[in-house]
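Quick notes on the structure that follows.
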Amino acid sequence: MKKTWWKESVIYQIYPRSFADSNGDGIGDLNGITSKLDYLKDLGIDVIWLSPVYKSPNDDNGYDISDYEAIMDEFGTMEDFDRLLSEAHARGIKIVMDLVVNHTSDEHKWFVESRASKDNPKRDYYIWREGRDGKEPNNWGSWFSGSAWQYDKATDMYYLHLFSPKQPDLNWDNPVVRKEVFDMMTRWCEKGIDGFRMDVISLISKPEGLPDAPLMNELYGDCGCTANGPHVHEYLQEMNREVLSKYDIMTVGETACVTLEEAKKYANSEGTELNMVFQFEHVGLDGDAEFKWSTRKMPLVPLKENLTKWQKGLDGVAWNSLFFCNHDQPRVINRLGDPSDEYREVSAKCIATCLHMMQGTPYVYQGEELGMTNYPFRSVKDFNDLESINAYYELTEKMGWKPSEIFPKIANKSRDNARTPMQWDDSPNAGFTTGRPWLAVNPNYTKINAAEQVMREDSVFSYYKKLIELRHNYDIIVYGHYELLLAEDPELYVYTRELDGKKLLVVCNFSDHEREFMPDEEFRDGKVLIRNLDNNNILDGILEPYEAYVLYTG
Ligand code: GLC
Ligand code: CA
């Protein structure tokens, strides 16, 4: 397998709005991030993925971009960005930018022109259609509830928006649009950035003729049907030829609805498209039958089955990204661990061990390294996220759900769980801001915060630090082949890695009670690379609640 720096890196995702506020307006900003680079250096990560920092009216917190080459007012200036980039580089940290080009904001100048008239030169930058019998052109539902079509009075036509009406989809079938995007990317590369995370990139090529989709509920068709469209690989190969291949950068595609077979194309090891993709099957396992909103826990047997499929399926032919958390996902401790005082830290470490010992590039989402948890939402008024708010009203008002039934489900899976401010210390507002935070701080910040974690040797932070260091020191953690053991055990996640005659055994007890487990003979006098409990004997054959350890023979 070819060795590359991005396979050997650990990525840290920053959601700038919630990371650190430098000027007291309650909103995180670029100077805030720069002030925390030493913290990230201490953690040991190699690369920062910055969620969007471009100019935006913030309908979807920066995922609705009105100017790809300017910085969002609240976040600072281009000079602030340049300083962040050079300060990061000075510490050996790379910066990967979010690239949101399935859609723009409706306030982007391209769209302002496009909607002005049918014969505007930019009309075909977006996807415009006549209505069908006085209604939407097809049945597609938006990922954020409601129809995926917006009627526009000026020209009596509809435009497509797979996300909010303020996020019109670009028409990638138009070669001029592709050239605009590639030129913009080139200018960022010339600035010296280190790569792109590509937002919903699997959705850019729409199916021929925009046919109706199978119904996802009584109201709308499943817009997942727009994923992996007819020309997506062709367009990414063109992007690769025109831009990516000219720079030593890393790329990761956010590929909604990607299958293993599709991922082998997107992230093929010949390098003709992207370096790796995010797949979402594993984080969908705790959803309800009809939607993601639920209060279920992640079931371990299907989780093992799924991650094993991806570990083995991409080995040698493509490359995995490893993640449980990001700005769209609730906190993993609530899904897979135990947020109670008794088990929060040990379960956070167990989850981290399980993920970080796999083949692929790991992603740590801000606060994950502290064991941050979901927020105790009490009412829909506590939400900021448009996906959660829209879902609540659509499900209660149009689909007849009782608020008392649906609210707990939405609260449990809301994207806002990940977006509460970073907990830096136990001062007011967790040290995130001296002003009023744009989204409430989780009240548990007095006990869960970076200042306390950084100081303590047995903290979740110190544990992540060690996991990251191990990955930098052991090739087998990056490149080793994966094999699952005990596939049917509903509580233990046990697997091996193997490379050039060396072996790792990874053992994680995902339950809150003792379990019997004895490592195989060949591992018994192996070296303990890491463990989340100190003073008990691994070879007594008993695993404590949420115990995890890694043995190495070589
Ligand atoms: C991606 C982003 C999400 C955003 C959506 C639309 O899924 O991760 O935050 O809302 O795309 O851009
Ligand atoms: Ca600020």
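Computed from heavy atoms alone, side chains included, the values below leave out hydrogens, waters and symmetry copies. Every number for a ligand or one of its atoms is a count from 1 in the order of the listing.
- With rounding to the nearest 0.5 Å, the separation of CZ in Phe19 from CD in Gln13 is 11.0 Å.
- Note on ligand 1: His103 sits in its first shell, one or more heavy atoms being nearer than 4.0 Å.
- Under the 30°/60° scheme for interplanar angles, the aromatic rings of Tyr365 and His327 are found to be tilted.
- Within 6.0 Å of CZ on Arg436 lie no more than 12 heavy atoms contributed by other residues, nucleotides or ligands.
- Between Phe163 and His103, the ring planes lie tilted relative to each other; the angle falls in the 30° to 60° range.
- Judged by a 6.0 Å distance limit and a 45° cone about the ring axis, Arg17 is positioned over the six-membered ring of Trp438.
- When the shell of 6.0 Å around CZ of Arg91 is examined, it contains more than 12 heavy atoms from other residues, nucleotides or ligands.
- Selection from Asp98, Asp199, Asn102, Val100 by nearest heavy atom to atom 1 (C) of ligand 1 gives Asp199.
- Within the 4.0 Å heavy-atom cutoff, Phe144 counts among the residues contacting ligand 1.
- Taking every non-hydrogen atom of Val200 and a distance limit under 4.0 Å, the qualifying atoms of ligand 1 come out as 1 (C), 7 (O), 11 (O).
- Considering the Ca ion (ligand 2) as centre, the angle to OD1 of Asn23 and to O of Ile27 is 160° (10° rounding).
- For ligand 1, the atoms closer than 4.0 angstrom to any heavy atom of Arg419 are 9 (O).
- Only the side chain of Glu254 comes within 4.0 Å of ligand 1, judged by heavy-atom distances.
- Between His282 and Phe324, the angle of the ring planes lies from 30° to 60°, which puts this pair in the tilted group.
- The aromatic rings of Trp188 and Phe81 stand perpendicular to each other, their planes meeting at an angle above 60°, with 30° marking the opposite boundary.
- The atom of Asp25 nearest to the Ca ion (ligand 2) is OD1, with the search restricted to N, O or S atoms.
- Taking backbone and side-chain atoms together, Thr433 has no N/O/S atom less than 3.0 Å away from the Ca ion (ligand 2).
- No more than 12 heavy atoms of other residues, nucleotides or ligands shown are found within 6.0 angstrom of NZ on Lys179.
- Distances below 4.0 Å separate heavy atoms of His327 from the following atoms of ligand 1: 2 (C), 3 (C), 8 (O), 9 (O).
- At a cut-off of 3.0 Å, Gly24 is not counted among the residues with an N, O or S atom near the Ca ion (ligand 2).
- If you number the atoms of ligand 1 from 1 as listed, the ones under 4.0 Å from a heavy atom of Arg415 come out as 3 (C), 4 (C), 9 (O), 10 (O).
- Under 4.0 angstrom from ligand 1, the non-hydrogen atoms of Arg197 all belong to its side chain.
- Protein heavy atom at the shortest distance from atom 4 (C) of ligand 1 is Asp60 OD2, 3.3 Å.
- Of all N, O or S atoms in Asp21, the one lying closest to the Ca ion (ligand 2) is OD1.
- The nearest non-hydrogen atom to atom 8 (O) of ligand 1, considering only Asp328, Leu386, Ile65, comes from Asp328.
- Relative to the six-membered ring of Trp424, Lys36 meets both conditions, a distance below 6.0 Å and an angle of at most 45° to the axis.
- Backbone or side-chain N, O or S atoms of Asp29 reach the Ca ion (ligand 2) at under 3.0 Å.
- When Lys413, Lys292, Lys297 are each tested for a side-chain hydrogen bond (donor to acceptor under 3.5 Å, both in side chains) with Asp286, only one passes: Lys413.
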